[in-house]
Amino acid sequence: MQTNLRGKDMITTQEWTKDELSVLLDVADQLKAEFAAGRWDHYDTLQGHSLFELFYNTSTRTRNSFEAGINQLGGYPHIMSPDQLQLEHGESAKETAKVLSQYGHALAVRVLGGAVDFQYPKGTEIMRDYQAGADIPVYNMQCDTYHPCQTLADLQTVREQKGSIEDQNFVISYAYAPEVRRPVSVPHSSVLGFTKMGANVTLAHPEGIDLDPEIVEQAQGNADKSGVDFTIEHDMERAFRDADVVYPKHWVSTKVGERGTDAEKEIHDGNQHWICDEEMLGTAKQNAIYMHCLPAKRGYEATDAVMDGPQSVIYDQAGNRMHAQKALMALTMGGRGW
Ligand code: CP
């Protein structure tokens, strides 16, 4: 397969065309099939290639799926946190990216948590600084606006579970959770990715727990281009009706001024009925699938019966993180075969 994706960044799926994303999903499926069959057809695709992985906060799925993935393609992961770099002493993100570009072949960054936590969109601005300095592909491993690598895995999961993404009724919904404060990056990337790939998307949340209006506008633009519906609902049950895919998860609004305040807590605590239990899931189509990017607050965002039930595909999603990211690396890092 010949592609022209070498050198391409993945900051948001908005910067990829539908055709480019489809190629990536095809390669992800191929790599997944090889992995399942115990075949090592691409063990040397990225031989000698280095992936720099820089994490501003903790990760189970993203870190290990990238690390295992580059290893399976013959390359090497360098895992770092900001405190291990001269960022601690004032060296800029741009300069750091420029320097690392001299040594390796891709830079993956998660800018979330710690000093940038909930100063939306500071994490994205820092991500763009890395991109501006880098001469190698930059992968967004999650910032406060986007989590494109999660969405690649989610698109792969829906395609394999439902046979296609196009014309599926996909619902991304707020769900209540106490204490945790999840960013909007997954719902943002979901509405962008699924409208682009031709699903009918419903975004459901209580009034006041909105996404960034600019992202909502982009999703509407995608939907118009794809000829599909993009709907906003403020009632979970109404949103679930007729759904092929439900993806209820917690997030906090991007609205500055609400953050961490009693007013914000009050809004969330007043919406504890936004939970995906068996009754709520039963309002979707009978063969609907339940998705969550994980980690989830069990018993609040969804019940154990749903998360561990027959309609749940949460571990397929987690598994597809590696296959989709292997495809991303194989296509963009310049290895053999693509
Ligand atoms: N879904 C996800 O990004 O998980 P991690 O935070 O464990 O990487």
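The first residue of the sequence shown is numbered 1, and numbering continues consecutively from there. Please read these numbers as outputs of a predicted model, since none were measured by experiment. Every number for a ligand or one of its atoms is a count from 1 in the order of the listing.
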*Is the shortest distance from a Lys or Arg side-chain nitrogen in Asp244 or Lys285 to a carboxylate oxygen in the other one below 4.0 Å?*
yes

Provide the number and element of each atom of ligand 1 under 4.0 Å from a heavy atom of [X].
X: Ser59; value: 5 (P), 7 (O), 8 (O)
X: Arg321; value: 1 (N), 2 (C), 3 (O)
X: Thr60; value: 5 (P), 7 (O), 8 (O)
X: Cys293; value: 1 (N)
X: Gln150; value: 1 (N), 2 (C)

Aromatic contact between [X] and [Y], with the criterion being ring centroids under 6.0 Å apart: yes or no?
X: His268; Y: His250; value: yes
X: Phe52; Y: His78; value: yes
X: His49; Y: Tyr76; value: no

Would you call the rings of His292 and Tyr247 parallel, tilted or perpendicular, where under 30° means parallel and over 60° means perpendicular? tilted

For Gln142 and Ser185, test the side chains for any donor-to-acceptor distance below 3.5 angstrom and give the result as yes or no. yes

| message | For ligand 1 and Arg63, I'd like to know whether there is a polar contact (N/O to N/O, distance under 3.5 Å). | response | no

Among His147, Arg61, Lys249, the residue with a heavy atom nearest to atom 3 (O) of ligand 1 is His147

A student comparing Arg110, Met141, Gln317, His292 should find that the heavy atom closest to atom 6 (O) of ligand 1 comes from Arg110

min-distance protein heavy atom vs atom 1 (N) of ligand 1 -> Leu294 O, 2.8 Å

Look only at the side chain of Asp9 and the backbone of Ile11, and say whether a donor-acceptor pair between them is shorter than 3.5 Å. no

